[in-house]
Amino acid sequence: MQLLRSFFLTRRFFLALTALVVGLTVAFFLPGWLVPLQLALGLLALLTLLDAALLYGTGGGVFGRRVLGDKLANGSDNDVAIYLESRYRFPISTETIDEVPHQFQRRDVLFRALVQPGETSVIRYQLRPTKRGEYEFGALNVYVASPLGLVRRRFRFDENRMVPVYPSFLQMRQYELLAASNRLTEVGVKRIRRVGQSLEFDQIRPYVPGDDPRRINWKATARRATTPEATDALAVNHYQDERAQQVYCLIDKGRVMRMPFEGLSLLDYAINATLVVSNIALRKHDKAGLITFSHQPGAMVPADRRSGQLRQLLEVLYRQKTKYLETDYERLYLTVRHQIRQRSLLILFTNFETLYGMQRQLPYLRRLAKSHLLLVVFFENTELSAYLNAPATTTQEVYNQTVAEKFAQEKRQIVRELNQYGIHSLLTAPQNLTANTINKYLEFKARGLI
């Protein structure tokens with residue numbers, strides 16, 4: 001039974017058989033054709049048996065495997081590799097169909113390759129998930145044909161493998177590598193000049209040309225002058241960025257975060273950005289924490305900088321689920337008031353489409369800003385921007401542009417009103433969310449606001 005399930009006749013076989021059937025039909029009227037066509041039919045049968053013997057004979061076969069990570073990154077292109085190793089003694093043509101999870105809705109995962117005897121062929125492609133959760137991969141189906149091409153044999157590998165889709169750790173690693181090599185400007189993170197100086201003392205070191213003369217420590221210089229091995233070098237105070245500041249990301253899981261952009265919801269954009277910003281904060285020796293909320297309080301991870309903090313944040317972000325109900329900002333305020341005792345940077349990821357919607361929550365935002373440094377991050381409507389930039393040639397298009405301009409103006413009015421009450425704000429397109437949020441965080445560090 002298993003042999004029959006793996007046995008397939010090819011299109012070449014059916015084309016040859018169709019031609020012979022048509023020829024035998026014509027042979028009723030041309031009897032001289034009957035014997036040659038019967039011989040050709042017998043030859044086709046013999047070649048088919050020979051082809052099957054080549055594919056199913058001992059010592060032959062194909063080994064295949066799918067290689068991908070233990071988890072996929074949401075919203076990022078994840079690399080998948082398929083390795084095919086031929087154990088036949090002749091070249092084979094292969095058709096590989098990978099049964100990817102239904103969430104991708106892809107029908108183009110069919111790959112053709114010619115594999116030489118004893119060689120390994122590598123097929124590479126990418127998958128971009130747009131939702132967190134568990135994704136079930138099916139079998140890796142490899143159809144093999146010999147040079148005769150009349151029969152195909154199917155091999156199945158890697159059946160029923162579950163792979164979870166986490167917040168985009170690939171994006172986090174990209175920013176981490178760029179930060180390590182001082183190349184964050186390549187992804188839109190600006191170089192920010194420090195304003196003033198940090199008050200956190202690091203060490204006393206010898207003066208080098210270019211140091212600020214105001215940092216000279218005259219007492220340390222005098223003590224060095226009294227020692228036998230002293231030189232005429234001055235001693236200066238060295239300062240570093242203030243550390244161990246608390247940075248909390250507050251993620252709104254309400255209905256305003258349901259809007260999609262390039263297949264990804266605004267909520268998942270905020271989750272991906274939270275992971276990257278938390279990692280940058282930890283690299284800056286600050287403490288990273290998390291609060292999620294909607295119609296009721298969600299998850300909370302107290303700010304810390306221990307070794308497993310980033311892993312804990314990743315796991316909590318992965319498990320976030322929502323019904324996209326109306327957000328309760330009063331409960332958010334109470335949660336922050338009772339759980340966060342130290343002045344902290346609060347990065348609130350939410351979305352306001354109208355000025356009235358923001359004004360309803362403004363009393364709670366003002367209370368948060370009294371005790372903490374609050375940054376409200378919300379999103380531009382990129383579809384409205386497309387309307388504004390397109391030329392208007394008809395009355396309907398002029399009307400659409402007028403409405404789009406009204407909503408865009410309302411977004412800018414929200415920024416002005418938040419600033420009026422001393423609340424920092426960031427209006428950004430979804431695709432620029434991570435870089436712009438990091439810019440704001442680094443700006444606050446440079447200005448000593450945290």
Side-chain angles (χ1 to χ4, degrees), residues 1-66 80-127 136-161:
M1 183 63 68
Q2 188 173 1
L3 175 66
L4 292 177
R5 289 178 179 176
S6 66
F7 182 87
F8 295 88
L9 296 172
T10 65
R11 183 179 181 183
R12 181 181 297 180
F13 171 85
F14 287 109
L15 288 176
L17 183 62
T18 300
L20 289 174
V21 170
V22 172
L24 289 171
T25 303
V26 175
F28 274 104
F29 307 98
L30 300 173
W33 287 21
L34 183 59
V35 174
L37 288 172
Q38 289 176 338
L39 293 175
L41 183 60
L43 179 62
L44 177 62
L46 288 175
L47 290 175
T48 303
L49 291 175
L50 175 61
D51 201 0
L54 290 173
L55 293 176
Y56 287 89
T58 58
V62 168
F63 174 74
R65 62 191 176 100
R66 179 200 302 118
V80 182
I82 297 174
Y83 290 84
L84 301 178
E85 179 184 348
S86 173
R87 297 170 181 171
Y88 287 105
R89 298 180 180 178
F90 49 85
I92 57 172
S93 58
T94 64
E95 288 188 359
T96 304
I97 300 177
D98 195 359
E99 297 178 359
V100 300
H102 65 87
Q103 290 95 330
F104 292 107
Q105 292 296 302
R106 287 186 59 171
R107 302 293 182 268
D108 59 345
V109 282
L110 186 150
F111 310 97
R112 294 181 174 87
L114 180 65
V115 186
Q116 298 298 325
E119 292 187 356
T120 300
S121 177
V122 183
I123 300 169
R124 302 183 187 277
Y125 68 101
Q126 292 181 326
L127 293 174
E136 188 76 24
F137 281 82
L140 181 66
N141 299 278
V142 182
Y143 296 87
V144 177
S146 73
L148 291 176
L150 298 174
V151 173
R152 289 195 302 175
R153 181 182 178 184
R154 183 179 68 177
F155 296 85
R156 290 171 68 88
F157 308 97
D158 294 339
E159 296 189 39
N160 302 326
R161 179 184 176 187

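Note that the CG atom of Leu150 and the OG1 atom of Thr48 stand 4.5 Å from one another [nearest 0.5 Å]. Rounded to the nearest 0.5 angstrom, Leu49 CG and Leu54 CG are separated by 11.0 Å. The structure places CD1 of Ile92 at 11.0 Å from CZ of Arg87, a figure rounded to the nearest 0.5 Å. Atom-to-atom distance recorded for Thr96:OG1 and Asn141:CG is 9.0 Å, nearest 0.5 angstrom. Thr120 OG1 to Leu84 CG: the interatomic distance, rounded to the nearest 0.5 Å, is 8.5 Å. Interatomic distance, Leu20 CG to Leu44 CG, rounded to the nearest 0.5 Å: 6.0 Å.
In this structure a side-chain-to-backbone donor-acceptor pair under 3.5 Å is present from Thr10 to Gly149. The closest donor-acceptor contact from the side chain of Arg5 to the backbone of Arg154 lies at 3.5 Å or more, if one exists at all.
Residue pairs that meet the ring pair (Phe, Tyr, Trp, His ring centres under 6.0 Å) test with at least one member in residues 8-48, sequence neighbours left out, are Phe8-Tyr143. For the ring pair (Phe, Tyr, Trp, His ring centres under 6.0 Å) condition, the pairs that include at least one residue of residues 85-124, sequence neighbours left out, are Tyr88-Phe90, Phe104-Tyr135, Phe111-Tyr125. Residue pairs satisfying the salt bridge (Lys or Arg N to Asp or Glu O under 4.0 Å) criterion with at least one member in residues 109-123, sequence neighbours excluded, are listed as follows: Glu95-Arg112.
By the side-chain contact (heavy atoms from CB on, under 4.5 Å) test, Arg124 pairs with Ala81, Tyr83, Val122, sequence neighbours left out. The side-chain contact (heavy atoms from CB on, under 4.5 Å) search around Ala145 returns Ser93, Arg152, not counting sequence neighbours. Residues satisfying the side chain to side chain donor-acceptor pair (under 3.5 Å) test with Ser146, not counting sequence neighbours, are Asp51.
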Problem set entry | Step-by-step side chain to side chain contact (heavy atoms under 4.5 Å, CB included) determination, Ile123 to Val80 | CA-CA 8 Å; Ile123 300 169; Val80 182; over 6 Å; no
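Nearest heavy-atom pair across Phe7 and Val151 is CE1-CG1, 3.4 Å. For Leu114 against Pro91, the heavy-atom pair with the smallest separation is CD1-CB, 4.5 Å. Of all heavy-atom pairs between Ser86 and Pro117, the closest is OG-CA, 4.3 Å. The two atoms that bring Leu37 and Ala27 nearest to each other are CD1-CB, 4.3 Å, heavy atoms only. Leu55 and Arg153 get closest at one heavy-atom pair: O-NH1, 2.8 Å. Annotation for Leu148 and Arg12: closest pair O-NH1, 2.6 Å, computed over non-hydrogen atoms.
Checked options Val62, Ile82, Val115; the residue passing with Val142 is Val62 (criterion: side chain to side chain contact (heavy atoms under 4.5 Å, CB included)). Here the options are Arg66, Arg156, Arg161, Arg107, the test is salt bridge (Lys or Arg N to Asp or Glu O under 4.0 Å), and the partner is Asp98; only Arg66 passes.
More than 12 heavy-atom neighbours from other residues, nucleotides or ligands sit within 6.0 angstrom of CZ on Arg106.
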